[in-house]
Amino acid sequence: MTTADVLSPNTGGTTMPVKPPKRRIPGWLKGAIWGLLAVGVLAIASYATGVNTLTSTNTAHTALRLALPILLCALGGLWAERAGVINIGLEGMMILGTWGAAWGAYHGGVWAGLISAVVFGALGGLLHAVATVTFNVNHIVSGVAINLLGLGVAKYLANLVFTPLSGNPRQSPPVPKFDTYSATFLSDWLSDLEKMQRVFISDLAGILNGLVTEVAPLTMIAIALVPISYLVLWRTRFGLRLRSCGENPVAAESLGVNVYLHKYVAMIISGGLAGMGGASLVLLAGGADYLENQTNNRGYIGLAAMIFGNWRPGGLLGGAALFGYADGLQLAGGGTAVLALLYGAVILLAVIVAVQLFRRQWIAAALGVFGAALLYAIYWTNDDLPSDLIPYTAHFVTLIVLAVASQRLRPPKADGALYRRGED
């Protein structure tokens with residue numbers, strides 16, 4: 001007998017076969033499969049269009065650098081919203097982090113700049129916690145206020161501190177950057193594979209080479225924070241209590257959880273991570289020193305990456321990689337590369353349509369056909385994209401991805417709910 005026999009009190013002591021639970025694919029394996037599928041689509045698009053920039057080492061390296069601030073802001077949003085606090089203020093905390101990173105690095109080096117960025121971002125998170133947790137201010141209103149305040153405070157401090165040093169109130173003086181390290185032996189081998197121009201193999205080698213070449217310590221810290229966040233939030237008693245505050249704070253309080261304390265801790269960590277995202281714009285090689293408005297709405301894109309990832313660390317890592325890739329591609333390859341990416345999107349939609357037809361989801365399949373036809377028409381009728389639209393590639397990708405992913409989202413039940421201790 002292949003199934004377990006269980007004694008059932010409702011059947012007079014007879015045994016009832018119980019089906020074993022279905023084995024689920026581990027999340028990390030799902031992520032690896034999706035990653036290989038994405039590389040396959042890009043490889044086909046690169047071969048069909050003749051645009052090698054889609055999977056080049058330079059594109060992957062640029063995408064990694066640009067994905068870091070999005071990833072760190074997404075992690076900040078995850079910590080906040082798992083505790084039940086909507087953090088629209090990630091952009092403002094990130095702006096504070098950029099100023100703090102430049103100020104700290106100028107006076108004490110890159111590590112001082114990183115610590116300063118985390119502290120300034122955490123202060124923004126603390127202020128958001130005071131408004132939303134203690135005074136029950138609407139989370140959206142408070143977040144918008146934090147964004148405006150962060151922009152204003154950074155502008156005032158830059159004018160006060162940086163103008164005497166750089167002569168420009170909108171820019172800091174040159175600040176030190178993190179050193180970078182490369183896996184030389186692995187990089188040389190991957191470079192040889194990339195030059196062979198073999199479909200998929202060379203494409204995968206180019207992407208991997210960009211991820212192991214000239215990597216900064218801050219990059220390694222940011223990537224390590226993804227599994228660390230998962231382990232803390234899903235595998236520790238503290239994480240369970242924090243997540244219970246975002247699901248049912250009243251029930252959590254009845255079990256002795258200090259809801260206010262956990263929300264405050266989550267918001268301080270959230271702000272610190274957003275501030276670290278700001279530091280990645282200032283302290284990484286290839287990036288600019290502090291510039292006014294240099295975040296370019298990446299805080300909002302980080303929030304979108306968190307939503308795309310369904311409030312899970314692994315999912316938001318994929319979202320940050322997607323948005324960072326779109327941003328890096330337009331810098332590395334311009335309008336021609338973005339058009340080639342549209343061709344890849346057509347291929348991906350064709351696969352999705354086939355799956356929906358197999359599932360007999362006729363409406364979804366019809367929408368997929370319409371979207372693929374529209375994107376292919378844009379690709380076919382243009383040799384290049386208008387230069388004014390190219391910088392907004394990541395923003396367009398954000399809107400499209402959120403529209404597609406909106407049907408499977410499951411936020412924390414008490415996310416954004418106003419809570420007062422002792423009230424039902």
Side-chain angles (χ1 to χ4, degrees), residues 72-94 96-97 118-150 225-226 228-278 299-300 302-303 305-307 309-313 316 409-424:
L72 289 165
C73 278
L75 282 174
L78 173 73
W79 276 85
E81 301 209 7
R82 278 296 176 179
V85 181
I86 296 177
N87 193 1
I88 298 293
L90 288 168
E91 178 77 7
M93 299 170 197
M94 191 179 185
L96 291 173
V118 172
V119 170
F120 272 85
L123 289 175
L126 177 62
L127 183 60
H128 189 44
V130 170
T132 57
V133 179
T134 301
F135 293 103
N136 255 2
V137 175
N138 181 278
H139 296 198
I140 305 300
V141 173
S142 176
V144 172
I146 293 293
N147 288 334
L148 296 175
L149 183 64
L225 284 172
V226 176
I228 290 173
S229 294
Y230 170 77
L231 292 174
V232 173
L233 290 174
W234 273 269
R235 291 293 183 267
T236 67
R237 183 177 300 177
F238 166 76
L240 175 62
R241 291 175 175 176
L242 187 145
R243 288 188 294 115
S244 70
C245 297
E247 297 292 341
N248 194 331
V250 176
E253 182 187 27
S254 69
L255 295 175
V257 176
N258 190 331
V259 176
Y260 282 7
L261 175 62
H262 284 78
K263 286 179 179 286
Y264 263 88
V265 171
M267 279 309 308
I268 291 173
I269 294 175
S270 176
L273 289 169
M276 188 181 294
Y300 299 110
L303 192 64
M306 179 206 66
I307 296 172
N310 214 1
W311 289 264
R312 302 281 296 191
L316 66 84
L409 300 179
R410 194 276 183 193
K413 290 183 179 179
D415 192 17
L418 301 180
Y419 168 77
R420 287 191 182 277
R421 180 174 291 162
E423 294 183 359
D424 294 333

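Computed over heavy atoms, backbone and side chain alike; hydrogens, waters and symmetry mates excluded. Residue indices begin at 1 and follow the sequence shown.
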How long is the span from the CG atom in Leu303 to the CG atom in Leu78, to the nearest 0.5 Å?
-> 11.0 Å

Compile the donor-acceptor pairs under 3.5 Å between side chains in residues 242-249 and protein atoms, sequence neighbours left out, one pair per line.
{"from": "Arg243", "atom 1": "NE", "to": "Leu233", "atom 2": "O", "distance (Å)": "2.6"}
{"from": "Arg243", "atom 1": "NH2", "to": "Leu233", "atom 2": "O", "distance (Å)": "3.4"}
{"from": "Ser244", "atom 1": "OG", "to": "Arg241", "atom 2": "O", "distance (Å)": "2.5"}
{"from": "Glu247", "atom 1": "OE1", "to": "Arg410", "atom 2": "NH1", "distance (Å)": "3.3"}
{"from": "Glu247", "atom 1": "OE1", "to": "Arg410", "atom 2": "NH2", "distance (Å)": "3.2"}
{"from": "Glu247", "atom 1": "OE1", "to": "Lys413", "atom 2": "N", "distance (Å)": "3.3"}
{"from": "Glu247", "atom 1": "OE2", "to": "Arg410", "atom 2": "NH1", "distance (Å)": "2.9"}
{"from": "Asn248", "atom 1": "OD1", "to": "Val250", "atom 2": "N", "distance (Å)": "3.4"}
{"from": "Asn248", "atom 1": "OD1", "to": "Ala251", "atom 2": "N", "distance (Å)": "3.1"}

Just how far is it from atom CD of Glu253 to atom OH of Tyr419, taken to the nearest 0.5 Å?
-> 3.0 Å

Please examine the side chains of Leu225 and Met276, heavy atoms only from C-beta on, and report whether any two atoms are closer than 4.5 Å.
-> yes

Of all pairs that satisfy salt bridge (Lys or Arg N to Asp or Glu O under 4.0 Å), the ones with a partner from residues 125-136, not counting sequence neighbours = none

Please report the closest heavy-atom contact between Asn136 and Leu418, naming both atoms and the distance.
-> O-CD2, 3.7 Å

Do Leu149 and Leu127 have side chains that get closer than 4.5 Å, going by heavy atoms?
-> yes

By ring-ring contact (aromatic ring centres under 6.0 Å, His included) - contacts of Tyr230 (at least two apart) | Trp234

Applying salt bridge (charged side-chain N to carboxylate O under 4.0 Å, His left out), name anything that partners Arg237, two or more places apart in sequence or on another chain.
-> none

Roughly how far apart are Met267 CE and Ile269 CD1, rounded to 0.5 Å?
-> 10.5 Å

Mind jotting down which residue pairs meet the side-chain hydrogen bond (donor to acceptor under 3.5 Å, both in side chains) criterion with at least one end in residues 126-135? Sequence neighbours excluded, please.
-> His128-Ser142, Thr134-Tyr264

Residue list, side chain to side chain contact (heavy atoms under 4.5 Å, CB included) with Leu261, at least two apart or on another chain | Asn258, Val265

Can you list the residues that meet the ring-ring contact (aromatic ring centres under 6.0 Å, His included) rule with His262, with sequence neighbours excluded?
-> Phe238

Taking side chain as C-beta onward, heavy atoms only, is Val259 less than 4.5 Å from Arg421?
-> no

Closest heavy-atom contact between Ile268 and Leu126?
-> CD1-CD1, 4.1 Å

Residues two or more places apart in sequence or in another chain: which of them pass side-chain hydrogen bond (donor to acceptor under 3.5 Å, both in side chains) with Asn138?
-> none

Output, in order, the C-alpha distance, side-chain angles, deciding distance and verdict of side chain to side chain contact (heavy atoms under 4.5 Å, CB included) for Thr236 and Leu231.
-> CA-CA 7 Å; Thr236 67; Leu231 292 174; 5.8 Å; no

Please collect all salt bridge (Lys or Arg N to Asp or Glu O under 4.0 Å) contacts where either partner lies in residues 123-140, sequence neighbours excluded, each pair once.
-> none

Using the side-chain hydrogen bond (donor to acceptor under 3.5 Å, both in side chains) rule, collect all pairs that involve residues 80-93, keeping only residues at least two apart or in two chains.
-> Glu81-Trp311, Asn87-Ser270, Glu91-Thr295

Do the side chains of Leu96 and Leu123 get nearer than 4.5 Å, heavy atoms only?
-> no

Looking only at heavy atoms, which two atoms of Gly302 and Cys73 are closest? And how far apart?
-> CA-CB, 4.2 Å

Partners of Asn147 by side-chain hydrogen bond (donor to acceptor under 3.5 Å, both in side chains), sequence neighbours excluded?
-> Tyr300

Taking every heavy atom of Ala274 against every heavy atom of Met93, the minimum-distance pair comes out as CB-CB, 3.8 Å

